[in-house]
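Have a look at the structure below, then the notes.
What's counted below: heavy atoms across the whole structure, side chains too, no hydrogens, waters or symmetry copies.
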Amino acid sequence: FSTDTAGLTSPDCTFEVSVKDCEPPTASCQADIAVCTAAGADVSASTTFEVTTSDNVVVDDLTCVMTGATTSAITMTESPTDVWTSNTIEFGLGTTHVTCFSTDTAGNTSEDCDFEVSVKDCEPPTASCQDDIDVCTADGSNVADPTTFEVTTSDNVIVDDLSCAMSGATTSAITMTESPTDVWTSNSFEFGLGTTHVTCFSTDTAGNTSEDCDFEVSVKDCEPPTAS
């Protein structure tokens, strides 16, 4: 209002000054994570991650989404202020891309921050050979009847291959066929007279190899000679 020299005052005039928050918040993701699968599993151990935020006023929410090997929903909890921790997640084998952004109380959103979680299979498979084999030569022959053998395998993910080699009395190449899963059967052999040492190992899809397993095939001559 104004006042003149006679002391008279004008009617009031008014206006408003509106200040709004135009500044976006920030979101800062952690560094990439590289872990192995949990023992006996094809996923990581339960893992959390953190994102830090800031704003000139108040950050109201933090949103994170995952793509790639893992796509489950994420819940972010703030404690203490501006430090947000995820729920526990078992990340899948491979690479998961995590993207986050924060929102303040004025609805401003931050630029995205992102990081990757890489889970690799570090666990070797196993290979279990059968017991030693003791046989006689086939009738009228100096080798055994055609014989096969089995090896069982296991892995937290998938066994990709089984390799076996022979030394000693028999040195033929070996072909192993998987049927059913994790049970591998050899092609048939006529094992030679004496002792053949068989050594096997398995390889999984990540290239991890098992410890060797081995067994022996002993072929002896049980057929008496003749005299005429």
Side-chain angles (χ1 to χ4, degrees), residues 32-47 68-70 89-96 116-228:
D32 292 344
I33 301 173
V35 293
C36 292
T37 50
D42 61 355
V43 295
S44 72
S46 295
T47 305
T70 312
I89 301 166
E90 293 180 340
F91 286 96
L93 190 64
T95 300
T96 299
E116 290 186 339
V117 180
S118 300
V119 179
K120 65 178 182 177
D121 177 13
C122 307
E123 185 172 343
T126 66
S128 300
C129 289
Q130 65 176 72
D131 294 335
D132 292 344
I133 300 173
D134 292 295
V135 293
C136 292
T137 52
D139 290 344
S141 175
N142 66 348
V143 295
D145 283 325
T147 304
T148 63
F149 62 86
E150 286 188 351
V151 178
T152 57
T153 58
S154 66
D155 189 54
N156 61 317
V157 184
I158 297 173
V159 172
D160 185 53
D161 189 37
L162 180 74
S163 298
C164 294
M166 294 190 290
S167 60
T170 310
T171 56
S172 305
I174 306 174
T175 301
M176 303 298 297
T177 303
E178 185 182 22
S179 180
T181 301
D182 288 333
V183 177
W184 300 74
T185 304
S186 72
N187 53 315
S188 62
F189 299 98
E190 294 177 340
F191 284 97
L193 189 65
T195 299
T196 299
H197 191 83
V198 183
T199 302
C200 301
F201 67 90
S202 59
T203 306
D204 65 18
T205 51
N208 302 308
T209 57
S210 70
E211 294 184 356
D212 290 347
C213 73
D214 55 8
F215 67 99
E216 290 186 339
V217 180
S218 297
V219 179
K220 65 180 180 178
D221 179 9
C222 306
E223 186 175 344
T226 63
S228 301

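- Pairs of residues two or more places apart, or lying in two chains, that qualify as ring-ring contact (aromatic ring centres under 6.0 Å, His included) and include a residue from residues 171-197 are Phe189-Phe191.
- Atom SG in Cys222 sits 10.0 Å away from atom CG in Asp139 (nearest 0.5 Å).
- Without hydrogens or angle criteria, Ser154 side chain to Thr152 main chain gives no donor-acceptor distance under 3.5 Å.
- Once rounded to the nearest 0.5 Å, the distance linking NZ of Lys120 with OG of Ser44 reads 14.0 Å.
- Atoms OG1 and CG, from Thr70 and Leu93 in turn, are 9.5 Å apart once rounded to the nearest 0.5 Å.
- Looking at heavy atoms from C-beta onward, Thr147 lies out of side-chain contact with Val217 at the 4.5 angstrom threshold.
- Cysteine sulfur proximity is not satisfied for Cys200 and Cys213, their SG distance being 2.5 angstrom or more.
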Just distance, no hydrogens or angles: give the donor-acceptor pairs under 3.5 Å from side chains in residues 128-138, sequence neighbours left out.
unit_1	atom_1	unit_2	atom_2	d
Gln130	OE1	Glu150	N	2.9
Asp132	OD1	Glu216	N	2.8

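- Between the Ser118 side chain and the Ala34 main chain, no donor and acceptor come within less than 3.5 Å of each other.
- Asn156 contributes a side-chain N or O that, together with a main-chain N or O of Ala41, makes up a donor-acceptor pair within less than 3.5 Å.
- Residues satisfying the side chain to side chain contact (heavy atoms under 4.5 Å, CB included) criterion with Asp204, sequence neighbours excluded, are Asp121, Pro125, Asp155, Ala206, Asn208.
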For residues 167-178, which side-chain donor-acceptor pairs fall under 3.5 Å, sequence neighbours excluded?
unit_1	atom_1	unit_2	atom_2	d
Thr170	OG1	Gly192	N	2.7
Thr170	OG1	Thr196	OG1	3.1
Glu178	OE2	Asp182	N	2.7

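- Sequence neighbours left out, not one pair with a member in residues 151-177 passes ring-ring contact (aromatic ring centres under 6.0 Å, His included).
- In this structure, the side chains of Phe91 and Val35 stay at 4.5 Å or more apart for every pair of heavy atoms.
- Phe201 pairs by the ring-ring contact (aromatic ring centres under 6.0 Å, His included) definition with nothing, not counting sequence neighbours.
- A pairwise comparison of heavy atoms in Val198 and Cys164 identifies CG1-CB, 4.4 Å as the closest pair.
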